[in-house]
Amino acid sequence: AQPWNALIKLCGYDGKMDVALNLFQLMGKARVSRTLSTYNTLISAYARRGEWERALEVLEWVEDAGLRGNTITYSAVINACAQAGKVHQAVEVFGWMNKARVEANVITYNTLISACDKAHQASLALEVFHRMQAEQLRPDLLTYNSLISSFARDGNYEKCVEIFNQMFEASITPDAITYNGLITACAASGAWEQGFTVFEWMMSDRVRPTVWTYNQLIMCLKDTADTERALELYKRMLQGGCRPDVVTYNSLIKVCANARDSRTALELLGACPKNKVSPDLTTYNTAIVACARAHETELAQQVFQRMEPAGISPDVYTYGALLLACESSSDLPLALEVFSQMKRRRVKPSATIYHTVIKACEKGWKFDTAVALYEEMLSKGITPE
RNA sequence: GCCAUUCUUUAUGAA
């Protein structure tokens, strides 16, 4: 069964879940007996895609096959819930695990903490952290990293540092991800100087920064309108032998967008190929936002038109950004045209989309159109805030 | 033997 399991795992990596499932079913026909690892592998493949409902289904198959799930099985299912942002389900599966008297280990708890993290539930993450210790389990590096990440989202830097200090008491050496978490906390709270300070600690602790470290440092500058400093970081990472990735560009462009600097944003978009980075959907979307905020509607349209040739399909964020550009230049006819184009292209308008188009109508004194759009939105079951 | 866990980026609006 091992070669089959390995193949299923590979399909999961490639996102070819239909092939993975075929392999799984073929095992029955080929009279290869599935082991518990086979099921676990399939669950993990669904987990990485956040397909928690499918993962739960496979868990049922385990019992149907007369097998008993082990720690890995349940941890993998919990991870599927985690990846989907479903903490409640993750906790429920954890409950089943206890009921089935399957032992939870450090990895199980780490996965639960990560589930809380992804669902923005830092206090619940902390409860899980305490509970694992009550169960005589010793938190490891990943436990602390996940816990720090939970508080980092809220910009709770103080709490992150508190946890960071606890690591030393527990004789656990922080790694790059630990420091990255602290930097994220600074980015989330707008404390960019603190972020740079953490970066210094990291250097003096001889922990090598990664691309993510730089990306997160760039994000610390998002509210400063300091495009210059962001570009300095970019140069510094190049000098430090750290290759920028697409997120680096997206983050830099984000700083430009917030600074209403469409010129630098477009330069960065153009610089991607030089560093062998292909702009992705987020790159284009953010670049369009930069143009919109700079009231450069035509530039926004030009960037938009470059997407299709690049093989990238616009999504709801793309149209949201484009509509923002129309709205910012009070171009109602263009806004309506963009709006109908997005529907033709089967991109579902969100509440934000309606909000932006309605705002454009109000600017153009077309209150009747605004009301009609509002009603259309309600009739589609989209609720305004 | 094969299988599970951690960090970053995109649209409107609230204050």
Side-chain angles (χ1 to χ4, degrees), chain A residues 1-9 12 35-45 47-48 55 69-80 82-83 105-115 117-118 140-150 152-153 175-185 187-188 210-220 222 245-255 257 280-290 292-293 315-325 327-328 350-360 384-385:
Chain A
Q2 280 102 305
W4 292 82
N5 297 351
L7 278 173
I8 292 171
K9 186 182 183 182
T35 62
L36 184 58
S37 296
T38 310
Y39 292 88
N40 293 350
T41 306
L42 191 60
I43 291 170
S44 307
R48 74 170 52 250
N70 63 10
T71 304
I72 296 181
T73 315
Y74 284 97
S75 301
V77 176
I78 291 171
N79 188 32
Q83 300 302 332
N105 64 13
V106 174
I107 296 182
T108 313
Y109 281 97
N110 290 351
T111 310
L112 265 176
I113 291 173
S114 172
D117 175 23
K118 295 209 161 73
D140 65 7
L141 177 63
L142 273 64
T143 314
Y144 285 100
N145 286 351
S146 301
L147 195 58
I148 286 174
S149 170
S150 304
R153 277 186 209 289
D175 68 356
I177 293 180
T178 316
Y179 291 93
N180 292 352
L182 293 178
I183 294 171
T184 299
T210 65
V211 209
W212 288 41
T213 310
Y214 287 102
N215 294 349
Q216 285 161 288
L217 274 173
I218 291 166
M219 283 310 291
C220 285
K222 70 185 189 310
D245 63 9
V246 71
V247 177
T248 311
Y249 285 97
N250 297 350
S251 304
L252 287 166
I253 294 170
K254 168 70 178 167
V255 174
D280 66 7
L281 182 57
T282 303
T283 320
Y284 284 100
N285 290 352
T286 315
I288 293 171
V289 174
R293 297 222 173 117
D315 69 353
V316 66
Y317 288 86
T318 316
Y319 287 104
L322 203 51
L323 286 167
L324 182 64
E327 188 269 330
S328 76
S350 60
T352 296
I353 293 289
Y354 278 102
H355 186 267
T356 311
V357 184
I358 289 170
K359 218 162 104 187
E385 175 37 44

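Chain A is the first sequence line, chain B the second, and so forth, proteins listed ahead of strands; every chain is numbered from 1.
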Would you kindly check whether a donor in the side chain of [X] faces an acceptor in the base of [N], or vice versa, at under 3.5 angstrom?
X: A:S350; N: B:rA11; result: yes
X: A:N70; N: B:rA4; result: no
X: A:T352; N: B:rU12; result: yes
X: A:T41; N: B:rC3; result: no

Side chain of [X]: nearest nucleotide among [options]?
X: A:L324; options: B:rU8, B:rC7, B:rU12; answer: B:rU12
X: A:S251; options: B:rU5, B:rU9, B:rC3; answer: B:rU9
X: A:V289; options: B:rU8, B:rG13, B:rU10; answer: B:rU10
X: A:T35; options: B:rU6, B:rC2, B:rU12; answer: B:rC2

* Sequence neighbours excluded, which residues qualify as ring pair (Phe, Tyr, Trp, His ring centres under 6.0 Å) partners of A:Y317? ->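 Once residues adjacent in sequence are excluded, A:Y317 has no partner under the ring pair (Phe, Tyr, Trp, His ring centres under 6.0 Å) criterion.
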Those residues that, when tested against A:Y319, pass ring pair (Phe, Tyr, Trp, His ring centres under 6.0 Å) (two or more places apart):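 Listed in chain order: A:F304.
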Just how far, in rounded Å, is [atom2] of [N] from [atom1] of [X]?
X: A:I107; N: B:rU6; atom1: CD1; atom2: P; result: 10 Å
X: A:Q216; N: B:rC7; atom1: CD; atom2: P; result: 10 Å
X: A:R293; N: B:rG13; atom1: CZ; atom2: P; result: 8 Å
X: A:I177; N: B:rU6; atom1: CD1; atom2: C1'; result: 6 Å
X: A:Y319; N: B:rU10; atom1: OH; atom2: C1'; result: 16 Å
X: A:L252; N: B:rU9; atom1: CG; atom2: C1'; result: 10 Å
X: A:Y144; N: B:rU5; atom1: OH; atom2: P; result: 21 Å
X: A:L281; N: B:rA11; atom1: CG; atom2: P; result: 12 Å

Hey, is A:W212 doing a stacking thing with B:rC7, by the 5.5 Å centroid and 30° angle criteria?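 Stack criterion met.
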Inset, instruction - Determine whether the side chains of A:T143 and A:D140 contain a donor N or O and an acceptor N or O closer than 3.5 Å. - result: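 Result is yes, a qualifying pair exists.
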* Asked: So, A:T73 and A:N70: side-chain donor and acceptor under 3.5 Å apart, yes or no?
  ->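 Yes, a side-chain donor-acceptor pair sits under 3.5 Å.
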Any [X] side-chain N or O less than 4.0 Å from OP1/OP2 of [N]:
X: A:K9; N: B:rC3; value: yes
X: A:K254; N: B:rU8; value: no
X: A:K222; N: B:rU9; value: no

- request: Would you confirm whether A:S44, through its side chain, and A:N40, through its main-chain N or O, come within 3.5 Å as a donor-acceptor pair?
  value: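 Yes, A:S44 side chain to A:N40 backbone: donor-acceptor pair under 3.5 Å.
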Item to check | Residues which pass side-chain hydrogen bond (donor to acceptor under 3.5 Å, both in side chains) with A:N5, listed by chain and number, not counting sequence neighbours | outcome: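 Residues passing side-chain hydrogen bond (donor to acceptor under 3.5 Å, both in side chains) with A:N5: A:T38.
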For RNA chain B, the dot-bracket notation using Watson-Crick and G-U wobble pairs below 3.5 Å, [ ] for pseudoknot-type crossings and | for other-strand pairs, is ...............
With sequence neighbours left out, what residues match A:V77 under side chain to side chain contact (heavy atoms under 4.5 Å, CB included)?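 Testing A:V77 for side chain to side chain contact (heavy atoms under 4.5 Å, CB included), a comparison that skips the adjacent residues, returns A:I43, A:L56, A:L59, A:V93.
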(Q) Holding to salt bridge (Lys or Arg N to Asp or Glu O under 4.0 Å), I want the full list of residues that pass it with A:R48, two or more places apart in sequence or in another chain. (A)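 Residues passing salt bridge (Lys or Arg N to Asp or Glu O under 4.0 Å) with A:R48: none at all.
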